[in-house]
Amino acid sequence: MQRYSALSLLRGGLNGQKSWQRAWRDPAPKSHYDVIIIGGGGHGLATAYYLAKVHGVRNVAVLERSWIGGGNTGRNTTIVRSNYRQPALHNLFEFSLKLWEGMSDDLNYNVMFSQRGAMFLGHSDSDMIRLAERGDAMRAAGIDAEFMTMDQLRKKLPLLDLSDKARYPIVGALNQPRGGTARHDAVAWGYARAADALGVDVIQNCEVLGIDRVGGKVTGVQTTRGSIGADRVGICVAGNSGQVAAMADLRLPIESHLLQAFVSEPVKPMIDMVIMSQSIHAYVSQSDKGEIVMGGDPDLYPTYSQRGRPDRIEGVAGQCIALFPALSRLRMLRSWAGTTDMSFDGSPIIGTTPVDGLYLNGGWCYGGFKATPASGWTYAHTLAKGEPHALNAPFSLDRFETGATIDETGSGPMPHHR
Amino acid sequence: MSGPMRLADGGLIDRSRPIRFVFDGKSYQGYAGDSLASALLANGVVLFGRSFKYHRPRGVMAAGIEEPSALVQAGSGGRYEPNSRATDVFIYDGLQSRSQNRWPSLSFDLGGINSLISPFIPAGFYYKTFFGGPKLWLLYEHLIRQMAGLGMPPTQADSDIYEHRAAFCDLLVVGSGPAGLAAALSASATGARVILAEQDERLGGSLLTDPATIDGLPSDQWITKARESLIAAGGRILTRTTAAGYYDHDLVNLVERLTEPGQTPGPDGLAQRLWRVRAGRVILATGAFERPRLFEGNDLPGVMLSGAVRTYLRRYGVRAGSRAVITTDNDDAYRTALALAEAGASIAAILDSRPGDSVRSALVQKAMTQLPVHFGAKLIAAKGSAKGLKGASALIDGKVTALDCDLIAVSGGFSPIVHLHMQAGGTLAWDELSGSFSPDQTRQNQTTVGAAAGVDGLSATLLNGWTKASPKAKATAAPTCASDDDVALNIIADWEPAPQARLKKAFVDYQNDVTAADLDLAWREGYRSVEHLKRYTTLGMATDQGKTSNLVGLARLAKSEGRPVPSVGLTTFRPPYTPVTLGVLAAEATGAHLDPRRRPVLYKTHAAEQPIWQPVGYWHRPRAYPMGTENLHQAARRESLTVRTKVGVTDVSTLGKFDVSGPDAAIFLELICATTVGKLAVGRGRYTIMLREDGMVMDDGTVWRTEENRFLLTSSTGGADRMAAHLSYVRKVIAPDLKVAVANVQEHWAAVAVAGPLAKAVVAAVLPQMTVPRHMSLDRGDLAGVPTLTLAASYSGERAFEIYAPSDQIAPVWAAIVKAARDLGGCLYGLEALEILRIEKGHIVVGGEIDGRASPHDLGLSKMLRPAGGYIGHTALQRPAFAEPGRLQMIGLEAVDGSAIPEGSMLLTAPKTLPVGHVTAAGLNVIKGGSIALGFLRDGFSRTGESLIAWSPTRNQTAKVKVTAPVFYDVAGVQYRD
Amino acid sequence: MTNAAHPDLVTLQTPEPSRLLRFEIWSGHKAAQARLAKALGGPLPGVCKSADLGAARLIWVEQNTWLVRTSPADGDQTLATLTKALGQDGSATDMSGALRRLRISGPGWRTLLTIGGVFDAESPTFAPGCMAGTIVAHSPVRYDVISEDCVDAYTPPSYAPDLFGFWCEAAERLEKAR
Amino acid sequence: MLLIACPNCGPRAQAEFTFERPLASIVTPTETLPDLIHKLFTRDNPRGPSWELWRHTYGCAGWLKVHRDTHSHQISAALPVDMETPS
Ligand SMILES: Cc1cc2nc3c(=O)[nH]c(=O)nc-3n(C[C@H](O)[C@H](O)[C@H](O)COP(=O)(O)OP(=O)(O)OC[C@H]3O[C@@H](n4cnc5c(N)ncnc54)[C@H](O)[C@@H]3O)c2cc1C
Ligand SMILES: NC(=O)c1ccc[n+]([C@@H]2O[C@H](COP(=O)([O-])OP(=O)(O)OC[C@H]3O[C@@H](n4cnc5c(N)ncnc54)[C@H](O)[C@@H]3O)[C@@H](O)[C@H]2O)c1
Ligand SMILES: Cc1cc2nc3c(=O)[nH]c(=O)nc-3n(C[C@H](O)[C@H](O)[C@H](O)COP(=O)(O)O)c2cc1C
Ligand SMILES: [Zn+2]
């Protein structure tokens with residue numbers, strides 16, 4: 001792998017940047033792989049990378065139906081944090097956060113992981129108690145969490161509406177200093193490049209159309225580029241989990257919904273942290289390029305369209321202005337949507353399936369970007385060993401059947417109630 | 001005259017109305033009808049701003065909304081808008097504008113240093129450096145963030161307001177050029193409800209640049225006539241109104257700008273309005289964008305699109321230069337050349353990339369007789385600086401030739417504006433010769449006409465708009481134009497720059513500083529999907545969304561790939577078409593009006609007592625009624641003590657309430673409630689819980705048999721809407737055949753709770769003719785002349801009653817009860833006291849112990865469950881995990897070290913161990929004092945007496961606690977009975 | 001709550017108090033409707049319709065469910081009449097406190113209802129005798145068109161102050177923009 | 001935002017409606033545990049036409065069976081809930 005560094009850039013500048021090689025190859029599919037990962041999003045690519053790096057399994061292909069990173073990896077609001085209340089969740093996400101902290105150097109690709117702090121605002125005493133509970137649970141697990149005083153808030157975010165005229169006046173906030181954002185595309189590209197360097201075949205424009213089984217065991221996949229054999233197949237297709245699992249006659253506890261996001265025109269720095277709220281379902285951050293990145297509640301009905309409803313965006317705009325009144329005159333530049341696979345307790349599913357040799361990684365709802373490295377790590381472990389890592393063991397597919405669900409918000413089994 | 005470049009006459013500006021405005025601190029004059037760009041150009045200003053990355057000097061490139069470069073900051077204070085396109089701001093008296101992304105000044109910009117180091121910072125350079133861990137990155141990033149961004153952010157709340165309107169029509173026409181007007185006229189003639197939206201402040205589109213004779217009238221008169229006849233037929237014409245998004249089921253969002261950036265609105269205070277138009281059909285008559293071309297320095301001030309040069313000349317009476325070079329691949333630019341020449345400019349050269357033997361229209365022939373036309377010729381480089389152009393070099397007849405010029409008019413062909421068509425789910429067809437995509441298949445009821453459909457020439461455009469708008473329209477009735485006005489384009493697209501041009505300075509995306517060399521680099525590095533190319537180089541991601549650049553970029557990629565343009569694909573067209581303020585998206589639904597504020601019917605009565613309010617969902621309810629200098633806790637303490645020792649009165653009107661009547665009412669309720677209901681005697685009530693389908697507790701409340709076939713079901717305030725939906729679902733979907741009526745009477749009944757040892761005396765005082773019902777019984781009586789219902793139920797643990805009256809008659813009932821209670825030394829109490837009292841009794845609450853994760857078993861309610869099952873949630877409760885060890889079970893906690901138990905804290909068996917549970921709610925022992933709490937603990941039912949630590953590291957609080965049963969007061973349960 | 005300042009465009013007023021009764025039929029629909037028609041003096045309004053029956057206003061609100069608005073004096077009598085006519089096929093419930101009524105009149109009422117709404121109040125088919133439920137400014141609301149010039153809007157009392165305030169402001173803007 | 005033709009109220013904006021669940025996920029209280037798990041906790045989740053249960057929450061409060069394509073969003077039927085679902 002050609003190393004990236006300030007020096008190599010400098011050298012490039014002297015030769016017209018002509019000597020850069022391809023970041024990853026464009027291989028033709030081989031006839032057989034030890035492991036096939038379906039889906040070239042961040043999770044799939046990370047899985048391949050850790051399979052090769054940690055488990056020495058290098059005869060691996062990632063099959064992506066279009067272009068890598070084009071799924072939810074390429075369309076999320078890039079918030080990375082581990083501030084969950086439920087232990088199974090914060091353990092997984094904290095492991096992830098630790099991997100994020102070393103990712104740019106590990107991959108030799110700057111994913112711009114920016115620990116500018118991820119903060120939940122509280123708007124009432126009961127909000128603050130719920131935040132305290134979350135913060136205390138995190139701290140008990142060794143995760144950073146701290147309350148911000150109103151003065152600290154005022155200093156850090158002078159544009160925040162801290163008046164009591166607000167519909168939901170802000171009374172405090174719980175901050176995770178190590179939370180932040182990352183450059184989403186770079187995550188896919190960085191993992192692809194690093195996996196490719198370890199021998200993984202990243203194969204784009206290769207849609208999986210069928211899953212071959214003999215005697216109940218997976219033997220390979222049918223694709224738009226022919227059939228490809230494999231000992232183990234890992235599904236990692238975010239919003240399309242249900243579609244791909246159906247190829248192996250599985251019905252999942254997943255419904256595909258839609259989440260939108262939008263950006264404003266870029267301006268000089270105005271919001272220095274990631275802002276979320278316990279009562280207002282919007283989240284706001286500013287990207288390095290200067291746009292304000294905003295999102296909120298999902299569209300609340302099943303769809304694969306990747307086209308959102310405008311009233312949702314309108315509502316989120318109102319929420320963002322309520323938090324930061326000065327946003328009113330900024331303009332929305334672009335809005336978009338992704339298909340999210342909503343599981344029935346809001347938590348992911350990573351593990352084995354009833355089909356021998358077939359594995360599932362999905363159900364990330366609208367919160368899986370932050371999990372990318374841990375998801376890849378634990379899924380690689382599961383694929384390599386045939387059984388889950390301790391961190392993903394609670395996230396089994398059969399937990400709905402047994403009742404051992406992991407419901408962070410307590411919203412129950414209907415995805416549109418969360 | 002307003003400035004040196006303004007022509008003596010002509011144009012659509014109103015020379016009788018001079019307007020003064022400010023740019024970068026200097027005052028200028030323009031005329032009504034001027035855009036900021038035309039007014040500045042008229043004044044000889046060429047430098048408008050600095051580019052995003054390299055801080056290169058930039059002027060004006062276009063005359064419309066597609067402008068990538070001339071971005072300014074307009075207005076001030078609560079009307080300040082950054083990143084406004086100078087071409088899309090119409091000047092008004094007092095307009096304040098400033099250039100942006102420069103420091104310290106526009107002409108001397110330190111950021112320009114980036115231009116010098118540009119060889120080292122190509123596309124995506126940041127992915128290859130700044131390593132060393134997140135701490136170091138934060139430092140680098142800080143600098144990068146200062147450099148990035150365009151305008152300064154606004155810092156104040158908006159001064160003005162916005163509004164949404166719903167509108168419906170048979171036909172929505174977007175665009176008022178010849179095609180749009182013809183379409184609107186044609187549909188309107190058939191009696192259709194028509195809305196016409198035009199983003200410009202004037203109707204006419206290209207007719208404003210190229211006046212013509214239509215139906216024998218000069219086009220300005222024809223437009224006026226068209227407007228009048230549309231309005232006469234009941235049509236709605238919206239100017240300065242952009243179709244911003246085309247959504248599912250033919251919903252089109254229109255943004256109407258009632259003010260220009262920074263401008264004070266009219267008396268109604270509205271800055272902008274969002275129209276949500278649901279259209280039967282949509283005609284897209286949005287025109288075409290002219291494309292720039294690749295040559296070195298193609299971004300310098302003085303390089304402009306050819307059509308824009310003509311628009312400034314004809315519409316605004318501004319000649320953008322005195323000596324011009326034209327570079328073109330089509331006939332349209334010849335109109336610009338001739339118009340410039342007619343306006344007294346000299347034409348240094350027309351560089352036509354088409355081969356000499358290609359089409360020779362009358363227009364070209366005419367130009368050839370007057371002007372230096374060169375076929376097969378290309379521009380290599382523009383030379384110049386922030387001050388303007390200083391000439392150019394071109395490839396003419398195979399030779400590099402220097403040209404003297406101060407203006408370069410560029411026409412790289414035209415791209416139909418297909419944005420809305422694509423947002424609406426359409427597909428495109430490619431035409432290789434003209435190098436353009438035009439609409440092909442449609443998914444919704446949209447039809448594209450005119451230049452947007454790739455139709456060429458005015459007469460064809462008029463006919464096209466006319467016939468497509470209504471199937472019945474007769475072609476012979478379509479508007480027609482004079483044959484002189486009918487100019488064909490004859491584009492022969494040529495994407496190839498001159499070989500001598502240095503591609504590092506040949507810009508594709510002007511605003512994001514993406515050069516042809518960047519695109520080539522990205523391709524070499526393997527970012528070859530058009531989407532990767534976009535994201536790696538940021539091509540088309542700027543505020544103009546690549547309106548002019550995208551196709552040039554695609555063509556470059558296609559060349560690298562060695563494939564035809566359409567096979568490399570397009571990126572997705574997404575709303576909005578042009579950026580829209582968040583303010584207009586939100587309209588009134590922000591700030592204090594973000595969500596409705598639901599007020600209990602006694603809101604004003606409470607307000608007179610100056611309570612501390614508490615939000616509960618959308619509701620606002622009194623939390624405590626402090627007296628004198630009391631704080632919340634002192635007030636709540638006093639209130640709860642009064643309830644325990646005397647009597648308290650509180651407003652519980654917001655509880656969910658449902659009137660369930662009919663012979664099958666009990667059967668229905670036994671689906672909803674996990675307890676028995678059918679066995680209740682008339683006049684009796686009981687506590688009940690409702691489960692979700694997955695077996696978790698959803699809500700709790702009471703159910704009362706008010707008549708043989710009529711029940712009253714109550715539920716929590718916060719869960720009332722959810723409960724209403726649940727009841728409706730069960731009634732209409734699960735049990736449609738039951739003979740039962742379910743009426744949501746939440747707001748019909750207001751309710752006053754009276755609790756305390758003296759509660760019975762209060763009830764007896766206000767309802768003297770009624771026998772006071774015993775616990776869990778009800779009775780009726782008139783109170784203050786109002787028919788009321790009294791339910792004897794206790795939440796506080798004291799003898800207590802809820803007195804119900806129709807909410808429109810509650811005021812005297814409340815007053816009488818409060819008076820009677822106060823006469824006995826009682827007081828009002830709020831939610832905080834209610835919370836203290838219920839914690840002491842171990843009553844669960846939605847949002848506290850009912851957290852959506854707890855089963856009835858976890859809450860210690862197993863005994864209440866109807867053994868026969870049949871209620872919703874029963875089946876799912878049979879899943880094995882509900883019976884497994886290790887479940888979080890509800891317990892009580894008592895502080896043993898005198899400290900307060902922190903709410904929400906973790907329960908540990910010893911310091912530094914992992915939590916075994918948590919505290920849901922903490923309160924105090926009202927009479928004895930001392931901190932108590934409710935919480936969840938792993939296997940908690942069997943751990944009574946165990947010592948634990950309640951630990952809150954975020955608040956730095958700790959309490960030593962002992963596990964108890966979750967009830968701290970009147971364990972025997974005698975207090976609330978007689 | 002009136003805004004007499006601009007009566008020519010839209011007038012908002014809170015009318016005299018009234019009783020609101022809700023009744024629902026669950027069986028024997030035809031016969032029950034016939035009995036009710038006889039008792040009330042005219043046929044029940046159809047789906048999404050409203051009608052004056054004697055001194056009462058009848059409004060269809062949901063499948064098999066109507067709302068009856070009467071004067072406070074007639075309320076008890078009407079409730080008894082309904083209960084009797086419904087017999088075993090349905091039941092009636094007093095809902096007087098559950099909704100607040102606002103009367104919006106003047107030529108601008110249709111425009112007013114399009115502000116912040118999603119419903120086509122400008123449609124000529126939304127004529128006197130039509131009922132529509134919808135949502136405006138996040139508040140649930142039900143319209144009953146009384147005449148070409150006038151509509152009644154019903155909303156739960158808890159939403160009423162905000163919604164009526166929203167309409168007052170919008171009406172003022174309409175006036176100012178003229 | 002979809003336009004849904006309510007059988008009672010006519011075509012109305014999605015803002016007035018609530019999606020409830022796929023018709024196949026309606027669970028009655030008499031369902032066995034395996035059936036409940038199948039219906040409530042798994043989905044066909046089709047990319048294409050699907051029968052769904054919606055409610056005209058802010059209109060007539062009625063429940064509708066909606067046949068809707070989850071990709072194109074085309075709605076081919078919206079029936080009262082008590083009407084037989086065409087196969
Ligand atoms: C608008 C939005 C905002 C979000 N914000 C956040 C956030 O702030 N923080 C956060 O942590 N998470 C967020 N998320 C969630 C997050 O984006 C996802 O959970 C995460 O990116 C999923 O990554 P992935 O690799 O699993 O999926 P994807 O990136 O979607 O990758 C799946 C890939 O599978 C491919 N594929 C599908 N079917 C096939 C097939 N048959 N054959 C081959 N390939 C196939 C797809 O093309 C796709 O590239 C957000 C999501 C959205 C939509
Ligand atoms: N076919 C071409 O590429 C081309 C090129 C140059 C000139 N022409 C000539 O121009 C004329 C084309 O007429 P036409 O009516 O098709 O186009 P036009 O350019 O005259 O009118 C399009 C109008 O739509 C408006 N518009 C575009 N998007 C909008 C939106 N989202 N919201 C609101 N308004 C929007 C524009 O402001 C403009 O007024 C013909 O005379 C033709 O000969 C055509
Ligand atoms: C964090 C983030 C920031 C973005 N910033 C921009 C931006 O500045 N300009 C832009 O045009 N698009 C921006 N996008 C949106 C993308 O252009 C694109 O819409 C999104 O990746 C979804 O892909 P699609 O629209 O092609 O479906 C951004 C996306 C994300 C996730
Ligand atoms: Zn309806």
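Every chain is numbered from 1, with letters handed out A, B, ... down the list of sequences.
Interface summary for chain C: among B:Arg597, B:Gln809, B:His620, the most heavy-atom pairs under 4.5 angstrom belong to B:Arg597. Each of B:Leu258, B:Asn744, B:Val740 has some count of heavy-atom pairs under 4.5 Å with chain C, and the biggest count is that of B:Val740.
Around atom NZ of B:Lys732, more than 12 heavy atoms belonging to other residues, nucleotides or ligands sit under 6.0 Å away.
Proximity to chain C (any heavy atom under 4.5 Å) is restricted, for B:Leu594, to the backbone atoms N, CA, C and O. The contact between C:Asp94 and chain B is made by backbone and side chain atoms together, counting heavy-atom distances below 4.5 Å. Neither the backbone nor the side chain of C:Leu113 comes within less than 4.5 Å of any heavy atom of chain B. For B:Ile810, no part sits under 4.5 Å from any heavy atom of chain C, backbone or side chain. Using a 4.5 Å cut-off between heavy atoms, B:Trp619 touches chain C through its side chain atoms alone. Of the two parts of C:Ala170, neither the backbone nor the side chain holds a non-hydrogen atom closer than 4.5 Å to a non-hydrogen atom of chain B. Contacts between B:Ile161 and chain C at a heavy-atom distance below 4.5 Å involve the side chain alone, from C-beta outward.
Nearest heavy-atom pair, C:Met95 versus B:Ala743, reported as atom, atom and distance to 0.1 Å: SD-CB, 4.3 Å. Shown here for C:Pro161 and B:Arg599, the closest heavy-atom pair between the two residues is CB-NH1, 3.7 Å. Smallest separation of non-hydrogen atoms from C:Arg100 and B:Val601: NH2-CG2, 3.7 Å. Listed here is the closest heavy atom pair of C:Glu122 and B:Ala166: OE1-O, 4.5 Å. Across every non-hydrogen atom of B:Gly662 and C:Trp26, the tightest pair is CA-CH2, 3.4 Å. Minimum heavy-atom separation, C:Arg22 to B:Val742: NH2-O, 3.2 Å.
Side-chain atoms of C:Thr111 and B:Arg165, non-hydrogen and from C-beta on, do get closer than 4.5 Å to each other. With a 4.5 Å cut-off on side-chain heavy atoms, C:Arg173 and B:Leu270 count as touching. Residues C:Glu172 and B:Asp268 are not in side-chain contact: their nearest non-hydrogen atoms beyond the backbone lie 4.5 Å or more apart. B:Arg598 places a side-chain heavy atom less than 4.5 Å from the side chain of C:Tyr159.
Taken to the nearest 0.5 Å, the OH atom of B:Tyr618 stands 11.0 Å off from the CG atom of C:Asp162. Taken from OG in C:Ser27 to CG in B:Leu738, the straight-line distance is 11.5 Å, to the nearest 0.5 Å. Here the CZ-CZ distance, from B:Phe168 to C:Phe119, works out to 8.0 Å after rounding to the nearest 0.5 Å. The distance from atom CD of C:Gln88 to atom CG of B:Asn709, rounded to the nearest 0.5 Å, is 7.0 Å.
A salt bridge (charged side-chain N to carboxylate O under 4.0 Å, His left out) with C:Asp120 is found for one member of B:Arg193, B:Arg276, B:Arg278 and no other, namely B:Arg193. Test C:Ser96, C:Pro17, C:Pro72 against B:Asp808 for side chain to side chain contact (heavy atoms under 4.5 Å, CB included) and you get one pass: C:Ser96.
Remark: the C:Thr93 side chain and the B:Arg710 side chain contain an N/O donor-acceptor pair separated by less than 3.5 Å.
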Q: Assess whether side chain to side chain contact (heavy atoms under 4.5 Å, CB included) is satisfied between C:Ile115 and B:Glu163, documenting all intermediate values.
A: CA-CA 7 Å; C:Ile115 298 177; B:Glu163 173 181 284; 3.8 Å; yes
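Although no hydrogens or angles enter the test, the distance criterion places no donor-acceptor pair under 3.5 Å between the side chain of B:Glu588 and the main chain of C:Phe166. Panel note: side chain C:His138, backbone B:Pro596; no donor-acceptor pair is recorded below 3.5 Å.
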